[in-house]
Amino acid sequence: MKLIVRWLLLAAALLLVAHLYSGVHVTSFGAAMIAALVLGLLNTLLRPVLVLLTLPVTVITLGLFLFVINALMFWAAANLLDGFNVAGFSAALIGSLIYSLCGMAIDVVVERIFPSDV
């Protein structure tokens, strides 16, 4: 249940990003749900590999290169999907920042509603 609620809220957050920033466009809630799923898969499967490969650059930039990796994941998801468009890399950077902030807030809310029993 927790996973489904988080997924729906992240899809709504993607619609919010598209509403707040004109460089990101989402056609419908269904497209936002698919985009949130693809973003989650990319962040789960591809992001750790990129973080490991770019570790020296990340250390030199004191972690700021992680913003570039987040933007690349956001941009890659937009390039894979039809109903989710990003105007360019700078739009992906700003959109991923807004989406990440929304995701952090969603994580806090979901943890308060569905606390872990561990």
Side-chain angles (χ1 to χ4, degrees):
M1 183 69 171
K2 183 177 181 179
L3 183 67
I4 294 171
V5 169
R6 187 173 184 277
W7 178 38
L8 291 172
L9 290 174
L10 285 172
L14 200 55
L15 287 173
L16 178 68
V17 170
H19 180 73
L20 293 176
Y21 185 61
S22 62
V24 177
H25 181 71
V26 180
T27 57
S28 66
F29 187 71
M33 287 178 59
I34 294 170
L37 178 67
V38 169
L39 273 168
L41 289 173
L42 285 175
N43 282 329
T44 302
L45 301 173
L46 189 58
R47 187 175 188 273
V49 174
L50 288 176
V51 169
L52 187 62
L53 290 175
T54 61
L55 191 59
V57 178
T58 304
V59 170
I60 290 171
T61 62
L62 302 175
L64 292 176
F65 195 74
L66 293 174
F67 290 121
V68 173
I69 292 174
N70 285 342
L72 285 173
M73 296 296 99
F74 204 75
W75 199 21
N79 286 332
L80 290 173
L81 302 170
D82 288 332
F84 176 45
N85 298 317
V86 176
F89 184 76
S90 61
L93 182 63
I94 294 169
S96 69
L97 286 173
I98 298 169
Y99 186 70
S100 294
L101 289 173
C102 291
M104 289 182 344
I106 288 168
D107 287 341
V108 169
V109 169
V110 168
E111 277 303 315
R112 286 189 183 199
I113 295 173
F114 303 103
S116 298
D117 294 332
V118 176

Pairs satisfying salt bridge (Lys or Arg N to Asp or Glu O under 4.0 Å), at least one member in [range], at least two apart:
| range | result |
| --- | --- |
| residues 28-42 | none |
| residues 61-74 | none |
| residues 80-99 | none |

Exercise. Step through the shown structure and confirm whether more than 12 heavy atoms of other residues, nucleotides or ligands are within 6.0 Å of CD1 on I4.
Key: no

Self-check item: Pairing residues for D107 by the side chain to side chain donor-acceptor pair (under 3.5 Å) criterion, not counting sequence neighbours
Solution: R6

Same cluster or not: are [X] and [Y] linked, directly or through other Ile, Leu, Val, Met, Phe, Trp or Tyr residues, by side-chain heavy atoms under 4.5 angstrom apart?
| X | Y | value |
| --- | --- | --- |
| I106 | V5 | yes |
| I34 | L46 | yes |
| M1 | I113 | yes |

For residues 8-28, please give each side-chain donor-acceptor pair under 3.5 Å, one per line with the distance, not counting sequence neighbours.
| from | atom 1 | to | atom 2 | distance (Å) |
| --- | --- | --- | --- | --- |
| S28 | OG | A31 | N | 3.2 |

Self-check item: Counterpart residues, side-chain contact (heavy atoms from CB on, under 4.5 Å), relative to L37 (two or more places apart)
Solution: W7, L41

Quiz prompt | All side-chain contact (heavy atoms from CB on, under 4.5 Å) counterparts of L80, not counting sequence neighbours | solution = V38, L42

Practice problem: Would you give the length of the straight line joining atom CG of N43 to atom CG of L50, rounded to the nearest 0.5 angstrom? | Solution: 10.0 Å

Quiz item: For F29, what residues pass the ring-ring contact (aromatic ring centres under 6.0 Å, His included) criterion, not counting sequence neighbours?
Solution: none

Quiz prompt | Other cluster members, L101 - Ile/Leu/Val/Met/Phe/Trp/Tyr, side-chain contacts below 4.5 Å | solution = M104

Quiz item: Mind checking who shares a hydrophobic cluster with I60, ILVMFWY linked at side-chain heavy-atom distances under 4.5 Å?
Solution: none

Donor-acceptor contacts under 3.5 Å from residues 89-99 side chains, at least two apart:
| from | atom 1 | to | atom 2 | distance (Å) |
| --- | --- | --- | --- | --- |
| S96 | OG | A92 | O | 3.0 |
| S96 | OG | L93 | O | 2.9 |

Under 3.5 Å, side-chain donor or acceptor atoms of residues 64-74 against the rest of the protein: list the pairs with distances, not counting sequence neighbours.
| from | atom 1 | to | atom 2 | distance (Å) |
| --- | --- | --- | --- | --- |
| N70 | OD1 | R47 | NE | 2.9 |
| N70 | OD1 | R47 | NH2 | 3.3 |

